[in-house]
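Presented below is the structure to which this report refers.
Reminder, nothing fancy here: chain letters follow the sequence lines and each chain counts from 1. All values derive from a computational prediction rather than experimental measurement.
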Protein chains: 4
Amino acid sequence: MIRVAIIGQGLVALHFEVGLERLKNNEIPDYGVPLREWLPYKYSDIEIVASYDVDESKVGKTVYELARRNYPGDSIPGSLKDIVVSRGIHLNSMKGLPFKARGREEDKGIDAALNELIDEWRNLNVDVLINVMTTEPVEAVGDPREIERRALHGDLTASQTYAYAATLYAAKYRPVTFVNAIPSPLANDPGFIKLCTERKCTILGDDGSTGATPFTADLLEHMYERNRKVIDIAQFNIGGNTDFLALNLPERNIMKKKTKSGIVEDILGYEAPNYIRPTGYLEPLGDKKFVAMIVEYYSFGEFKDEFYILMRINDSPALAGLLVDLARIGRIALDRQAYGTIYEVNAFYMKRPGPHGSRAVSKYHAFQKLLNWLGISDPRHKA
Amino acid sequence: MIRVAIIGQGLVALHFEVGLERLKNNEIPDYGVPLREWLPYKYSDIEIVASYDVDESKVGKTVYELARRNYPGDSIPGSLKDIVVSRGIHLNSMKGLPFKARGREEDKGIDAALNELIDEWRNLNVDVLINVMTTEPVEAVGDPREIERRALHGDLTASQTYAYAATLYAAKYRPVTFVNAIPSPLANDPGFIKLCTERKCTILGDDGSTGATPFTADLLEHMYERNRKVIDIAQFNIGGNTDFLALNLPERNIMKKKTKSGIVEDILGYEAPNYIRPTGYLEPLGDKKFVAMIVEYYSFGEFKDEFYILMRINDSPALAGLLVDLARIGRIALDRQAYGTIYEVNAFYMKRPGPHGSRAVSKYHAFQKLLNWLGISDPRHKA
Amino acid sequence: MIRVAIIGQGLVALHFEVGLERLKNNEIPDYGVPLREWLPYKYSDIEIVASYDVDESKVGKTVYELARRNYPGDSIPGSLKDIVVSRGIHLNSMKGLPFKARGREEDKGIDAALNELIDEWRNLNVDVLINVMTTEPVEAVGDPREIERRALHGDLTASQTYAYAATLYAAKYRPVTFVNAIPSPLANDPGFIKLCTERKCTILGDDGSTGATPFTADLLEHMYERNRKVIDIAQFNIGGNTDFLALNLPERNIMKKKTKSGIVEDILGYEAPNYIRPTGYLEPLGDKKFVAMIVEYYSFGEFKDEFYILMRINDSPALAGLLVDLARIGRIALDRQAYGTIYEVNAFYMKRPGPHGSRAVSKYHAFQKLLNWLGISDPRHKA
Amino acid sequence: MIRVAIIGQGLVALHFEVGLERLKNNEIPDYGVPLREWLPYKYSDIEIVASYDVDESKVGKTVYELARRNYPGDSIPGSLKDIVVSRGIHLNSMKGLPFKARGREEDKGIDAALNELIDEWRNLNVDVLINVMTTEPVEAVGDPREIERRALHGDLTASQTYAYAATLYAAKYRPVTFVNAIPSPLANDPGFIKLCTERKCTILGDDGSTGATPFTADLLEHMYERNRKVIDIAQFNIGGNTDFLALNLPERNIMKKKTKSGIVEDILGYEAPNYIRPTGYLEPLGDKKFVAMIVEYYSFGEFKDEFYILMRINDSPALAGLLVDLARIGRIALDRQAYGTIYEVNAFYMKRPGPHGSRAVSKYHAFQKLLNWLGISDPRHKA
Ligand SMILES: NC(=O)c1ccc[n+]([C@@H]2O[C@H](COP(=O)([O-])OP(=O)(O)OC[C@H]3O[C@@H](n4cnc5c(N)ncnc54)[C@H](O)[C@@H]3O)[C@@H](O)[C@H]2O)c1
Ligand SMILES: NC(=O)c1ccc[n+]([C@@H]2O[C@H](COP(=O)([O-])OP(=O)(O)OC[C@H]3O[C@@H](n4cnc5c(N)ncnc54)[C@H](O)[C@@H]3O)[C@@H](O)[C@H]2O)c1
Ligand SMILES: NC(=O)c1ccc[n+]([C@@H]2O[C@H](COP(=O)([O-])OP(=O)(O)OC[C@H]3O[C@@H](n4cnc5c(N)ncnc54)[C@H](O)[C@@H]3O)[C@@H](O)[C@H]2O)c1
Ligand SMILES: NC(=O)c1ccc[n+]([C@@H]2O[C@H](COP(=O)([O-])OP(=O)(O)OC[C@H]3O[C@@H](n4cnc5c(N)ncnc54)[C@H](O)[C@@H]3O)[C@@H](O)[C@H]2O)c1
Ligand SMILES: [Mg+2]
Ligand SMILES: [Mg+2]
Ligand SMILES: [Mg+2]
Ligand SMILES: [Mg+2]
């Protein structure tokens with residue numbers, strides 16, 4: 001059994017929850033789950049035991065109710081009636097967004113709020129925490145002691161605070177994996193990794209790798225393996241979900257720019273001028289974002305070629321599918337006592353794989369590293 | 001030194017010849033040459049000693065003259081004045097095309113023509129033959145004795161006859177590598193591979209892997225590694241060079257369809273409906289072809305995503321860059337006495353890698369196999 | 001009241017029937033109906049009184065039953081239970097397609113079949129016949145007497161025979177409009193136009209103008225009005241409905257090529273090399289076809305620009321929307337006794353506007369001509 | 001003869017100057033000049049007599065020298081040696097950009113600078129001033145007296161000051177047309193139009209209509225004429241010329257957003273959610289910008305269709321071609337004493353056609369209005 005608690009009951013969480021239940025019920029195939037049934041843990045081993053949010057229109061509702069409102073179609077598993085959204089810690093993470101939010105620290109103070117949280121997790125025997133809350137503007141802290149100091153003063157962001165709570169929980173009750181699917185640098189914060197290693201917890205992160213970014217990584221690998229010289233890359237993203245709404249605020253937009261840079265040079269071996277950015281919010285696009293991309297390169301004889309790539313991607317399902325793996329791998333990490341963070345896992349699933357300073361590799365390479373770490377072999381390559 | 005003879009003095013040959021000389025002169029960087037300076041043989045080791053064609057407007061001309069006519073720009077190396085185009089064997093390979101062609105077998109019979117050819121190669125000490133003649137309609141023969149029988153009756157196609165000549169040359173004078181960059185099944189013909197193994201020659205083939213096909217292979221790998229279910233793939237190619245002109249004839253078009261099928265299922269593990277085809281000839285596009293592609297797939301939760309890919313690719317330079325590797329690898333094969341064919345080389349460079357019956361893999365996997373076979377390691381992965 | 005009979009109970013017919021009933025019920029807005037509520041006839045004036053097909057799986061079924069099977073979603077108006085598909089005239093129009101078909105002439109001969117048909121139309125007081133049957137290979141006849149001669153010997157195609165029946169009906173009972181939404185040259189056959197004029201009937205045609213063709217016409221107008229020199233145009237279409245399946249047969253494909261050529265030169269004033277073609281059938285695309293297009297042109301100073309256009313279009317609804325206008329205009333034509341054919345109507349709604357020899361104009365120009373002919377003014381331009 | 005002075009010796013000016021001379025020399029066809037040879041004034045009637053800039057690296061150089069540096073290829077007409085770039089008025093228009101700039105007002109004060117300018121123009125008998133300087137952040141003034149007041153205090157922007165100078169020149173010496181090809185609201189400033197009408201000058205503007213904007217206008221017209229309901233439009237522009245560099249500064253970017261809004265609603269008759277913006281600067285793209293666009297709409301039956309449009313456009317030549325018309329029309333306006341501004345001209349050539357408050361129409365409609373105003377008929381429509 002893998003007991004999972006969700007932080008941020010948004011669209012990604014919803015697609016994870018509905019999809020997982022439907023998977024367990026054999027109502028859908030496991031498309032979009034990279035490691036499918038290759039892992040020792042099965043889909044039915046995953047149980048979602050809690051979900052946290054701060055949006056007043058969500059707290060207190062069941063996931064079933066929220067799915068009725070926001071998930072397309074009618075096939076909402078009844079089992080989602082059992083998950084009631086609890087109030088999380090806010091710390092102003094929703095500032096500037098058109099939603100009414102309130103955190104439990106606002107009444108009782110941060111200290112009491114933290115203690116309540118980890119008590120809840122203990123009662124539920126939580127193994128894996130999955131962070132899919134709204135993108136927040138934040139910098140790495142770097143030092144474990146500084147993290148502790150700030151945590152007590154309410155001077156961390158919401159994600160940092162949840163991750164800090166995870167270390168407390170691990171120290172006090174049982175090891176835990178914190179899957180950080182959002183851009184906040186946690187697996188990339190040496191302070192958090194140190195704290196985790198000390199306290200028997202694991203952070204997988206940062207920022208789930210879906211959409212155009214992993215595809216670009218592999219496209220660059222394709223270029224590298226032909227020794228094509230990339231002249232420039234431009235990439236635009238536009239969508240209509242609340243994630244894009246949040247990213248439209250400049251201070252949050254910068255979080256994505258950060259996670260997306262770096263890969264170009266690491267994979268190609270040289271810096272290629274690029275303009276890679278989530279750009280705009282356009283409400284009627286909904287969750288199905290539009291990506292447009294140009295790549296220009298020199299071929300043999302210095303002739304100039306061009307690739308143009310357009311994508312229409314259901315944004316939230318893409319990450320939700322990865323979470324089905326990450327929940328299971330999170331548990332495997334605990335079984336193996338692999339505390340701190342795990343580059344081999346992050347390299348495939350994350351846009352900005354921790355630990356800080358690791359080199360970006362193509363997702364092709366990362367996939368092989370991942371299978372190796374897991375001790376799995378690709379069935380296509382078996383004799 | 002690697003002595004190379006070209007078969008088919010068309011646009012690909014021209015880009016190979018001009019590019020190679022400019023590379024040797026340090027006039028251009030080695031973009032588009034996958035193995036760059038990683039091989040024991042250097043660019044300056046390659047010497048083009050002969051070129052064969054049957055087009056009356058080319059036979060007897062120097063490559064320099066042809067480059068003046070057909071290569072963009074003014075930077076034509078003077079050294080190309082030394083290569084005079086010789087008359088090859090025709091066997092009707094240009095049938096239906098608007099060019100006046102004549103083969104040397106038309107005067108003196110196939111037997112004498114073959115003997116002349118291999119005598120010329122002997123005098124030039126040819127190591128590597130590169131076949132880049134016009135795509136011809138042809139089926140594999142299968143049996144070495146049948147090949148010999150048909151060769152003597154002029155019942156093989158031009159490519160088959162050149163390859164047969166290579167086996168004669170190898171048997172009589174010295175080992176040789178025949179690089180088959182066109183769709184004719186030679187490395188995929190068990191008869192030819194058998195004949196080669198017996199006679200100390202190597203065929204690398206078939207059909208140089210450039211353009212949308214290798215990219216599609218890697219795109220499918222990307223899909224596979226995320227367990228996305230590909231719903232359909234459509235891909236169109238249109239160009240304005242004489243290769244597209246030839247492919248526009250239905251009996252030749254089918255040659256490309258053949259080399260392109262199969263990869264989808266081998267990589268994905270299931271058959272995905274596809275329509276992948278070179279389609280049209282549009283003269284003003286010249287050598288810069290246009291490729292349009294759609295890929296639809298199911299993501300997690302059976303949501304449908306779409307990729308649209310457009311490419312503008314300089315067709316001939318792409319293959320010419322690969323030939324810079326293949327000439328060198330052709331020589332390495334001889335050094336290693338690796339006769340017959342070499343899957344590890346074909347898998348990366350060819351659309352339909354021989355030997356017959358081998359499984360298609362993504363180019364990413366093929367690249368690793370290739371480096372392994374060559375005993376090279378990717379400098380990015382060195383400590 | 002406008003009494004409409006449908007010929008060819010396929011996907012276009014279905015979208016017309018379902019859409020029209022839903023329009024009348026105010027269940028959907030009138031998107032895709034160019035003349036919306038600007039015409040003297042209202043949507044509720046249109047009544048579909050008959051539908052003909054030869055597919056054994058359709059004849060005898062109600063349109064409601066067929067809609068349940070083939071129309072997406074659940075909102076099928078119950079009123080469609082009243083339309084039962086009758087057996088039409090086959091004359092081998094389904095040859096080569098994977099459907100079991102049988103025409104009423106097969107039992108009783110063509111003469112009796114024709115008489116039955118026009119008697120049915122008389123009983124139903126049919127005003128407008130809409131031809132949306134499968135694309136058939138056919139050439140114009142040219143001479144009215146030859147048409148009569150061939151009709152009696154069953155030597156016309158199915159569409160020609162239906163159109164001939166329309167002239168008989170008009171001569172004997174009452175004027176009728178025959179809307180020819182398929183590529184068969186009827187409005188472009190001087191013989192049919194002559195026959196119609198003699199017998200008080202009107203043919204609007206040929207080949208409904210939807211998808212990429214009208215868009216290309218307007219794009220070319222845009223180029224012309226900037227004096228850009230179009231260098232080349234390539235356009236591919238691929239889809240997964242039975243229309244694409246039929247067009248995949250080479251002799252039918254040629255029908256579309258014909259209707260699409262000509263426009264380039266007429267609009268630009270010079271011939272621009274082009275490759276415009278419906279190309280492929282790919283079943284999972286269903287009715288939502290994929291169009292890819294490139295246009296290259298010279299700008300000021302002979303600099304070369306490029307446009308790339310991709311479309312995903314629901315094929316059948318696009319034509320169905322036009323039919324809502326054409327049924328009403330068909331009736332207006334009769335009110336005005338405008339027999340023969342009407343260029344001003346065809347120029348906007350048809351790919352190959354009759355009469356034969358008329359010049360192609362951009363759809364912008366055609367729209368103005370259409371409004372003029374109808375005596376309507378664009379509300380945006382009113383004071 | 002039409003004597004033209006250029007304001008802003010950038011890339012657009014260069015393409016206009018080189019192209020015009022080459023046109024006069026019959027070295028290039030007149031592609032990209034919408035009205036070609038249909039106007040009473042010929043290309044050879046246009047003479048460029050002066051050019052102003054404030055960039056220290058340009059002032060004092062001949063246009064020939066600048067063309068050698070910045071115009072592709074070698075065909076620079078020698079006649080351009082006659083045009084020496086004069087120092088213009090700066091007023092801080094280059095603030096924040098990485099160029100060293102200095103205006104003649106910086107030494108001698110605004111008043112003297114203005115007087116010098118109009119004296120120069122008088123000596124050269126200038127008929128038409130063409131403003132193609134760097135996009136500046138600016139708001140309309142509205143009142144002629146306020147304009148005069150601010151002019152004397154150096155409180156107008158550079159463009160406004162040049163336009164003000166034009167009114168002084170017209171009042172004192174001779175009527176003049178000021179072509180405002182940049183986003184600054186001049187033809188849209190009722191104050192400037194009033195001043196012009198009083199003083200016998202004409203402003204054509206604002207913001208030359210090239211690239212994706214006019215194409216979008218006509219695409220929307222195409223949608224309107226089919227009653228398709230546009231759901232959303234997103235459009236990105238990225239380029240590598242100094243215009244994009246300037247537009248990358250947020251306060252300048254807003255100038256383009258302004259000129260591009262409004263057209264959607266005016267043409268469609270309803271507001272469609274849109275995100276239309278010049279977005280990024282990517283140096284290696286140079287003058288050949290990349291535009292990506294998505295348009296989603298409802299077809300008949302509320303089925304959702306999508307268009308994806310990609311463009312590669314040589315940015316500066318596109319505007320330069322229009323200037324060949326605007327110089328000639330500027331002169332025709334003077335011949336006709338059509339002072340103030342001319343909507344019929346602006347509607348076709350400008351993104352934000354003056355006077356303020358005029359309705360956007362499709363370019364197709366605008367072209368007809370333009371021909372009407374000029375008394376020209378489209379040769380395609382002649383009998
Ligand atoms: N493909 C993808 O969708 C993808 C990929 C990578 C990363 N991500 C990241 O995943 C996150 C979630 O995306 P989404 O589309 O579900 O967004 P969303 O806006 O639908 O959901 C975010 C939820 O987090 C809640 N929240 C905000 N602050 C909180 C707090 N302090 N405590 C608890 N809950 C809080 C919000 O109320 C909201 O319900 C985003 O940060 C996004 O950047 C998404
Ligand atoms: N990217 C690529 O361009 C690419 C990729 C894979 C394969 N290929 C294959 O490479 C080949 C060459 O392409 P290309 O663009 O240079 O074509 P091309 O038409 O420019 O050149 C082919 C040349 O072969 C000559 N030829 C024909 N029959 C001959 C014979 N019997 N003996 C000697 N010469 C003969 C022709 O006269 C012509 O000069 C084609 O078969 C093509 O399918 C090209
Ligand atoms: N946007 C568009 O869909 C579009 C645009 C222009 C023209 N068209 C034309 O409209 C026609 C219909 O398209 P569709 O998508 O509905 O095709 P479809 O294949 O779904 O339907 C055609 C129907 O015609 C029937 N039919 C064939 N022969 C017949 C005969 N002799 N008598 C009576 N019925 C007969 C078939 O059984 C079938 O039910 C095609 O010819 C197509 O080329 C369609
Ligand atoms: N297709 C197009 O290129 C297009 C279309 C519409 C509008 N425009 C507008 O045209 C203008 C010119 O574009 P460009 O590509 O040539 O840009 P550019 O940057 O190449 O040239 C602008 C020139 O103006 C000069 N300048 C700046 N301030 C000046 C001043 N106060 N007095 C005199 N000169 C001054 C600069 O030094 C520079 O040389 C821009 O405002 C652009 O927005 C261009
Ligand atoms: Mg998201
Ligand atoms: Mg080729
Ligand atoms: Mg159809
Ligand atoms: Mg510009």
Side-chain angles (χ1 to χ4, degrees), chain C residues 15-16 18-19 22 28-36 72 214-215 218-219 221-222 224-229 266-267 269 287-288 297-314 316-322 324 348 359 361-365 367-368 379-381, chain D residues 15-16 18-19 22 28-36 72 214-215 218-219 221-222 224-229 266-267 269 287-288 297-314 316-322 324 348 359 361-365 367-368 379-381:
Chain C
H15 278 272
F16 174 55
V18 174
R22 300 193 69 200
I28 51 167
D30 59 2
Y31 302 149
V33 180
L35 297 179
R36 32 213 121 170
F215 180 71
D218 283 351
L219 176 59
E221 180 74 21
H222 187 84
Y224 173 82
E225 294 182 356
R226 276 146 195 82
N227 197 18
R228 291 173 183 166
K229 172 69 180 233
D266 279 359
I267 296 176
D287 199 39
K288 194 155 184 188
Y297 63 88
Y298 287 122
S299 175
F300 185 64
E302 277 191 302
F303 288 86
K304 197 172 160 192
D305 291 349
E306 295 106 31
F307 275 38
Y308 303 97
I309 296 164
L310 301 178
M311 305 176 183
R312 294 304 304 276
I313 301 179
N314 289 281
S316 307
L319 181 52
L322 301 189
V324 177
F348 183 72
R359 184 190 178 131
V361 293
S362 71
K363 294 298 165 181
Y364 297 130
H365 280 295
F367 191 65
Q368 294 188 312
R380 292 175 308 171
H381 302 152
Chain D
H15 278 272
F16 174 55
V18 174
R22 300 194 68 201
I28 50 166
D30 58 3
Y31 303 148
V33 181
L35 297 179
R36 30 212 123 170
F215 179 73
D218 283 351
L219 177 57
E221 180 74 22
H222 187 84
Y224 173 82
E225 294 182 355
R226 275 146 197 83
N227 198 17
R228 291 173 183 167
K229 173 67 180 238
D266 279 359
I267 296 178
D287 199 40
K288 194 154 184 188
Y297 64 88
Y298 287 122
S299 176
F300 185 64
E302 277 190 304
F303 287 87
K304 197 171 160 193
D305 292 350
E306 296 106 32
F307 276 38
Y308 302 96
I309 296 164
L310 302 178
M311 307 177 180
R312 293 306 303 277
I313 301 179
N314 289 281
S316 307
L319 181 53
L322 302 189
V324 177
F348 183 72
R359 183 189 178 130
V361 293
S362 71
K363 292 299 164 181
Y364 158 72
H365 280 295
F367 191 65
Q368 293 187 312
R380 291 176 309 172
H381 302 152

Mutual orientation of the aromatic rings belonging to D:Phe215 and C:Phe307 [parallel < 30°, tilted 30-60°, perpendicular > 60°]: perpendicular
Report which part of D:Val361 has an atom under 4.5 Å of a heavy atom belonging to chain C: side chain, backbone, both, or neither. neither
Aromatic rings D:His15 and C:Phe303: how do their planes relate, parallel, tilted or perpendicular, breaks at 30° and 60°? perpendicular
Heavy atoms only, distances under 4.5 angstrom: which of C:Leu310, C:Asn227, C:Asp30 has the most pairs with chain D? Name it, please. C:Asn227
With chain D, which of C:Gly321, C:Ala318, C:Pro72 has the greatest number of heavy-atom pairs at distances under 4.5 Å? C:Gly321
C:Tyr364 and D:His365 aromatic centres sub-6.0 Å: no
Max heavy-atom pairs within cutoff under 4.5 Å with chain C, candidates D:Arg36, D:Gln368, D:Arg359, D:Arg312, goes to D:Arg36
Contacting region of D:Leu35 [heavy-atom separation from chain C under 4.5 Å]: neither
Which value, rounded to the nearest 0.5 Å, describes the distance between C:Lys363 atom NZ and D:His222 atom NE2? 9.5 Å
Considering residues at least two apart in sequence or located in another chain, which fulfil the side chain to side chain contact (heavy atoms under 4.5 Å, CB included) criterion with C:Asp305? C:Tyr297, C:Ser299, D:Ile313, D:Asn314
Chain D contact via C:Leu219 - which portion, at a heavy-atom distance below 4.5 Å: side chain
Residue list, side chain to side chain contact (heavy atoms under 4.5 Å, CB included) with C:Ile28, at least two apart or on another chain: C:Arg22, C:Leu23, D:Glu302
If you compare all heavy atoms of D:Lys288 against all heavy atoms of C:Lys304, which two are closest, and at what distance to 0.1 Å? NZ-O, 3.0 Å
What residue, out of C:Ile267, C:Leu322, C:Val324, has the most heavy-atom pairs lying under 4.5 Å from chain D? C:Ile267
If you count heavy-atom pairs under 4.5 Å with chain D, which of C:Gly269, C:Gly19, C:Ser362 comes out on top? C:Gly19
Lys NZ or Arg CZ of C:Arg380 over D:Tyr224 ring: under 6.0 Å, within 45°: yes
Specify the closest pair of heavy atoms between C:Phe16 and D:Phe300, including all atoms of both residues, with the distance to one decimal. CA-CE2, 4.3 Å
Name the region of C:Asp266, side chain, backbone, both or neither, that has any atom closer than 4.5 Å to a heavy atom of chain D. backbone
Under 4.5 Å to a heavy atom of chain D? For C:Val18 that would be neither
May I ask you to test the D:Arg228-C:Tyr31 pair for a side-chain heavy-atom distance under 4.5 Å? no
Counting heavy-atom pairs under 4.5 Å with chain C, which one of D:Met311, D:Glu225, D:Lys229, D:Glu221 comes out on top? D:Glu225
Just so I know, are the side chains of D:Asp218 and C:Asp218 near enough to count as touching, which here means a heavy-atom distance under 4.5 Å? no
Taking every heavy atom of D:Pro214 against every heavy atom of C:Arg226, the minimum-distance pair comes out as CB-NH2, 3.8 Å
